[in-house]
Amino acid sequence: MKQPQRVTLALTAALAVAQSGSAQTDERCNADAMLVFDASGSMAEMGHNGIDTPRINDARVALHTALPQITPLRDVGLITYGPGGDDESCSHVALRLAPAPDASGEILAEIDGIAPDGNTALTQAVRDAAQVLGSPERPGVVVLISDGKETCGGAPCQLAAELAATAPSLVVHVIGFKVRGAFFGWEGGDGNPDFEVPASPARCLADRTGGLYVSTETVDELVQALKQTLGCPLFSDAGQGRRPI
């Protein structure tokens with residue numbers, strides 16, 4: 001009699017594990033997300049202020065690590081700004097992919113094929129991302145990765161105020177990646193070795209919409225920031241029980 005009991009207990013335990021795994025798989029994020037990726041010319045810069053490799057290289061490594069873990073649980077799309085327009089143009093903000101399930105492969109293929117160029121039209125890119133998500137009617141998450149400030153005449157803090165007032169269900173997270181202030185150097189010198197890492201001027205987009213601002217310097221920090229903002233670590237108490245947003 002003891003052996004059948006052991007078999008029954010083992011089967012019961014295995015079934016419980018399988019049901020638990022199924023529940024975790026089915027627990028997807030409620031809100032779609034748009035990744036807004038800085039592909040401007042500064043992402044290719046290196047050689048001063050502690051930038052020893054082009055930012056785009058480290059960003060790709062981080063995205064290849066983080067996105068395959070994130071996209072099975074959230075529909076994610078991609079907007080880039082910078083390359084593809086006229087020389088020195090601010091006009092090229094490109095919708096590369098609308099939110100789609102398990103989209104890491106498509107997103108990574110787009111980012112791997114980018115040659116950084118152009119200026120930083122981050123305000124327009126975030127505005128476009130909000131519209132793709134159905135703002136203001138639908139909830140959504142925008143995650144902006146940027147290394148610097150708006151250079152195309154946009155007003156990110158004004159947009160932040162507009163979104164906070166008209167789209168209360170939209171959250172904008174801002175990841176500052178190797179953000180640098182003005183570079184100071186001299187002829188034949190190496191610039192300022194004691195640079196300080198400032199907050200991105202786009203931080204107000206996060207502050208005004210209830211999002212997070214995360215300053216990152218390394219691949220590992222960027223991976224963690226992506227999981228923290230684009231993944232499902234935050235929960236809403238709306239509806240029945242706590243649900244990932």
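When reading the values below, keep in mind they use all heavy atoms of this one structure, side chains included, and skip hydrogens, waters and symmetry mates. The chain is numbered in sequence order, starting from 1.
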Using every non-hydrogen atom in the two residues, find where [X] and [Y] come nearest and quote the distance to one decimal.
X: Asn119; Y: Tyr81; value: O-CD1, 3.9 Å
X: Pro83; Y: Ala39; value: CD-O, 3.2 Å
X: Ala103; Y: Thr71; value: N-CB, 3.6 Å
X: Ala129; Y: Val36; value: CB-CG2, 3.7 Å
X: Leu170; Y: Ser135; value: CD2-OG, 4.4 Å
X: Pro99; Y: Val132; value: CD-CG1, 3.7 Å

Reported [atom1]-to-[atom2] distance for the pair [X] and [Y], which is rounded to 0.5 angstrom:
X: Thr65; Y: Leu226; atom1: OG1; atom2: CG; value: 9.5 Å
X: Leu144; Y: Tyr213; atom1: CG; atom2: OH; value: 9.5 Å
X: Gln224; Y: Thr229; atom1: CD; atom2: OG1; value: 11.0 Å
X: Leu212; Y: His173; atom1: CG; atom2: NE2; value: 5.5 Å

[X]-[Y] co-clustered via ILVMFWY side chain contacts under 4.5 Å:
X: Leu108; Y: Val61; answer: no
X: Ile107; Y: Leu222; answer: yes
X: Ile111; Y: Ile145; answer: yes

> Donor-acceptor pair, Thr151 side chain versus Thr120 backbone, under 3.5 Å?
Replying inline: yes
> So, Arg74 side chain and Leu230 main chain: donor-acceptor pair closer than 3.5 Å or not?
Replying inline: yes
> Taking only residues two or more places apart in sequence, or in another chain, which ones meet Asp58 in a side chain to side chain donor-acceptor pair (under 3.5 Å)?
Replying inline: Thr53, Lys178
Side-chain contact, heavy-atom cut-off 4.5 Å: [X] with [Y]?
X: Val142; Y: Thr209; value: no
X: Pro156; Y: Leu122; value: yes
X: Val174; Y: Arg203; value: no
X: Leu35; Y: Leu78; value: yes

> Going by the disulfide (SG to SG under 2.5 Å) test, which pairs reach into residues 199-231, not counting sequence neighbours?
Replying inline: Cys157-Cys204
Where at least one partner belongs to [range], residue pairs that pass salt bridge (Lys or Arg N to Asp or Glu O under 4.0 Å), sequence neighbours excluded:
range: residues 151-171; result: Arg127-Glu162
range: residues 91-112; result: Arg96-Glu110
range: residues 128-146; result: Asp32-Arg138
range: residues 142-159; result: Arg55-Asp147

Partners passing side-chain contact (heavy atoms from CB on, under 4.5 Å) against [X] (at least two apart in sequence or in another chain):
X: Pro116; value: Met43, Ala44, Ile56, Ile114
X: Ala225; value: Ile175, Val214, Thr216
X: Thr218; value: Asp220, Glu221

> Ser104 pairs by side chain to side chain contact (heavy atoms under 4.5 Å, CB included) with which of Leu67, Leu63, Val76?
Replying inline: Leu67
> Step by step, would you call Asp117 with His92 a side-chain contact (heavy atoms from CB on, under 4.5 Å)?
Replying inline: CA-CA 10 Å; Asp117 193 18; His92 199 71; over 6 Å; no
